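Only one structure is covered here, and it is reproduced in the block below.
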Amino acid sequence: KEKIEITKEQQALMKIILDAYNRHQIPQDVAKKLLQDQYSAEENFLLLTEMATSQVQVLVEFTKNIPGFLSLDHEDQIALLKGSAVEAMFLRSAQVFSRKMPKGHTEVLEARIRKSGISEEFMTPMFNFYKSIGELHMVQEEQALLTAITILTPDRPHVKDQHAVERLQESMLDVLRKLCALQHPQEPQYFARLLGRLTELRTLNHYHTEMLTSWRMNDHKFTPLLCEIWDVQ
Ligand SMILES: Cc1cccc(C)c1Nc1c(-c2c(F)cccc2F)nc2cccc(C)n12
């Protein structure tokens with residue numbers, strides 16, 4: 001039986017990633033509005049837009065704290081953020097959905113999402129993904145590492161130095177692999193299941209682009225930050 005051991009520097013890396021992941025949460029005022037404002041499709045869309053905007057801000061702050069990220073080529077940093085934003089946000093909102101939120105909030109958020117001008121065909125894959133993430137019962141370290149691994153995907157559009165990104169991603173994958181083996185000794189396939197979610201995540205990019213287009217068709221307004229990260233308007 002191979003003795004799995006997380007090295008000192010890997011423990012330090014995990015602590016930095018976890019602190020960064022927990023330091024930035026959705027502002028409480030947005031979460032509070034979730035329960036207060038009325039339920040019109042317009043109101044819901046406005047609230048979700050505010051949530052999405054704060055999720056992008058949280059994502060940028062988290063990414064800046066990934067060891068090595070700020071030493072990457074600056075244009076590659078932007079390409080990685082733009083290329084991974086949707087996937088990282090689906091991951092975070094899946095975790096908020098399945099774990100973080102107090103009981104009542106989850107149903108309210110689901111109701112608002114279901115009535116915000118998104119067509120049924122995008123709802124199903126979105127909620128299926130939320131369910132599949134919830135079933136994994138990931139610990140926080142796994143969630144934070146999986147998000148960092150998603151952001152450090154070398155083959156995003158316009159990334160020039162893919163090897164530099166690969167090296168950072170590989171060190172995260174190695175820590176996650178060991179952590180999974182230690183956290184889930186009875187489930188040798190657990191690490192593979194986590195990586196399988198990253199494949200499912202990629203399919204959601206397509207749905208998200210369609211959602212943006214259909215919102216814009218109905219003349220929905222986004223915030224400047226959302227327009228910038230997804231090159232709309
Ligand atoms: C905040 C939120 C939570 C769950 C579902 C949805 C639809 C949202 N809202 C948006 C998302 C988005 C996201 F923020 C996380 C996950 C998946 C997403 F579709 N992306 C965008 C882009 C422009 C406007 C909005 C309202 N929006």
Side-chain angles (χ1 to χ4, degrees), residues 21 24-63 81-102 104-134 136 138 143-144 146-147 150-151 153 197-233:
Y21 193 72
H24 308 295
Q25 297 295 346
I26 304 256
Q28 276 316 314
D29 57 326
V30 177
K32 245 202 321 288
K33 273 195 193 164
L34 199 68
L35 295 174
Q36 267 140 23
D37 294 10
Q38 34 308 67
Y39 260 74
S40 74
E42 285 310 309
E43 271 296 324
N44 293 342
F45 179 75
L46 279 178
L47 199 77
L48 290 173
T49 304
E50 208 177 323
M51 275 180 77
T53 305
S54 77
Q55 279 202 5
V56 171
Q57 288 158 342
V58 161
L59 170 68
V60 172
E61 282 316 302
F62 171 68
T63 305
L81 261 174
K82 290 171 78 131
S84 66
V86 172
E87 293 174 28
M89 287 164 69
F90 264 104
L91 258 183
R92 182 173 286 265
S93 55
Q95 280 136 22
V96 164
F97 228 93
S98 59
R99 163 90 67 247
K100 294 267 177 49
M101 251 193 300
H105 291 39
T106 313
E107 285 72 22
V108 170
L109 179 59
E110 173 155 357
R112 287 185 183 275
I113 293 167
R114 289 193 182 278
K115 187 187 167 192
S116 62
I118 303 171
S119 81
E120 201 44 45
E121 73 179 288
F122 310 142
M123 280 320 165
T124 315
M126 184 191 296
F127 287 110
N128 285 347
F129 179 73
Y130 288 160
K131 205 157 62 61
S132 74
I133 288 288
L136 286 170
M138 278 190 267
Q143 293 176 22
L146 201 62
T147 304
T150 304
I151 294 162
T153 300
R197 291 290 167 271
L198 298 188
T199 311
E200 186 182 353
L201 258 182
R202 283 189 176 235
T203 63
L204 297 174
N205 277 303
H206 155 77
Y207 289 115
H208 192 268
T209 306
E210 304 265 306
M211 273 196 282
L212 287 176
T213 311
S214 72
W215 275 320
R216 285 185 61 213
M217 282 297 232
N218 307 326
D219 204 23
H220 280 80
K221 291 272 166 288
F222 303 136
T223 58
L225 182 57
L226 295 181
C227 293
E228 192 181 334
I229 197 127
W230 290 314
D231 294 328
V232 289
Q233 231 137 303

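All of these numbers come straight from a predicted model, not from anything done at the bench. As the structure lists them, so they are numbered: ligands from 1, and atoms in each ligand from 1.
- Counting non-hydrogen atoms of other residues, nucleotides and ligands closer than 6.0 Å to CZ of Phe45 gives a total above 12.
- Judged by distance alone, with hydrogens and angles left aside, the side-chain atoms of Lys82 form no donor-acceptor pair with the main-chain N or O of Trp230 at under 3.5 Å.
- Looking at His208 and Leu204, their side chains never come closer than 4.5 Å, going by heavy atoms from C-beta outward.
- Note on residues 123-133: pairs passing salt bridge (Lys or Arg N to Asp or Glu O under 4.0 Å), not counting sequence neighbours, are Lys131-Glu135.
- Judged as a side-chain hydrogen bond (donor to acceptor under 3.5 Å, both in side chains), the pairs with a partner in residues 213-225 (not counting sequence neighbours) are, in order, Thr53-Thr223, Asp219-Lys221.
- Under the rule for a salt bridge (Lys or Arg N to Asp or Glu O under 4.0 Å), Glu121 has no partner lying at least two apart in sequence or in another chain.
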Measure and list all N/O to N/O distances between ligand 1 and the protein that fall under 3.5 angstrom.
residue  : atom   : partner : partner atom : Å
ligand 1 : 20 (N) : His208  : NE2          : 2.9

